[in-house]
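Presented below is the structure to which this report refers.
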Amino acid sequence: MTGRPLVAVVVFPGSNDDRDAAWALGSVGAEPTFVWHEELSLPERAGAVVLPGGFSYGDYLRTGAIASTAPVMAAVREFAARGGPVLGICNGFQVLCEARLLPGVLRPNRQLEFVCRDATVRVESTDNPFLHRCRVGQELVIPVKHGEGAWYADEGTFMQLAARGQIVLRYAEDVNGSLGNVAGVVNETGNVMGLMPHPEHAVDPLLGSADGALLLAALVDAAVAQRVAVPV
Amino acid sequence: MKATVLIRPKGGILDPQGEAVGHSLKKLGFDVRGARVGRVVDLELETDDVEVARAEIHKMCEDLLANPLIESFEIQVDGS
């Protein structure tokens, strides 16, 4: 057993940010490992799971819809039910929504154009394992690159999520027509998070911003805690 | 037996694709008040029982074909 917590990065056919995610996780102290979507289980030592960005199954039907039914998702669901931290980035966020592990759904951008640029997001809630290294109101610069990033939920759900602190990141401006400028949400128990921006592309100041490292390092903290909480 | 599922953006849900299509039709001179764009899934099933087919397709829609948050679906079974 190394000192680094094991973080599973799930790979679907069409994932394309899996390697960047693994590299970035490694840079903040994790031992990343890839898990193919046909696997029925996660590595026993895994302290956290990342669903990376990409275009799983060619975005057929609806983004994330087919991936949400992949064999590995039963294991991810079970891991999340045990309180394990699960982070979905971009396509991973879409997959988690389609799997109903997160509230809402990601729809085509309002402008019907792919958006690819740095976005400023505001931290709305730090009462979760993913943003505890940030403070409420802090602005993070993290790139977005997506065609289906307009988060949507019905008004009642939206109000409820906001009241419970489940809306954790909002864009500082309208990026894609997302309801309430939502950029990231967590589940009711706070251990599953999805966001459209790509923290794994913002871990080195040389590439414009290292703000994403705050989030990924927090995930690594959570992975360590998870491994202590659930000894194997 | 053959069946068709029509999946539509739910009423009240913003449909940017439909808006763009409607806008283009207007530019072509068509007198269009609005357009909504959905999806068609043609299915071929093993069963010949209409009721069994309907029940099965309903489950397919709930499990995969439609997202109930934003889409409604209509099932058309041949011969029913």
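Within every chain, numbering begins at 1; the chains are lettered A, B, ... in the order of the sequence lines, protein sequences first and strands thereafter.
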Quiz item: What do you reckon, is OH of A:Tyr60 surrounded by more than 12 foreign heavy atoms closer than 6.0 Å?
Solution: no
Quiz item: Which heavy atom of B:Pro16 sits nearest a heavy atom of A:Pro108, and at what distance?
Solution: CG-O, 4.4 Å
Self-check item: Closest heavy-atom pair and its distance - A:Arg107, B:Ile70
Solution: CD-CG2, 3.7 Å
Exercise. Using a strict 4.0 Å threshold on nitrogen-to-oxygen distance, state whether A:Arg110 and B:Glu19 make a salt bridge.
Key: yes
Self-check item: Part of B:Leu64 lying under 4.5 Å from any heavy atom of chain A
Solution: both
Quiz item: Under a 4.5 Å heavy-atom cutoff, which of B:Leu14, B:Asp15, B:Asp63, B:Leu69 has the most pairs with chain A?
Solution: B:Leu14
Quiz item: What pairs meet the ring pair (Phe, Tyr, Trp, His ring centres under 6.0 Å) rule with one or both residues in residues 41-72 of chain B, with sequence neighbours excluded?
Solution: B:His58-B:Phe73
Quiz item: Near A:Arg19 CZ, under 6.0 Å, is it more than 12 heavy atoms from other residues, nucleotides or ligands?
Solution: no
Quiz prompt | Under 4.5 Å from a heavy atom of chain B, the part of A:Leu61 involved | solution = both
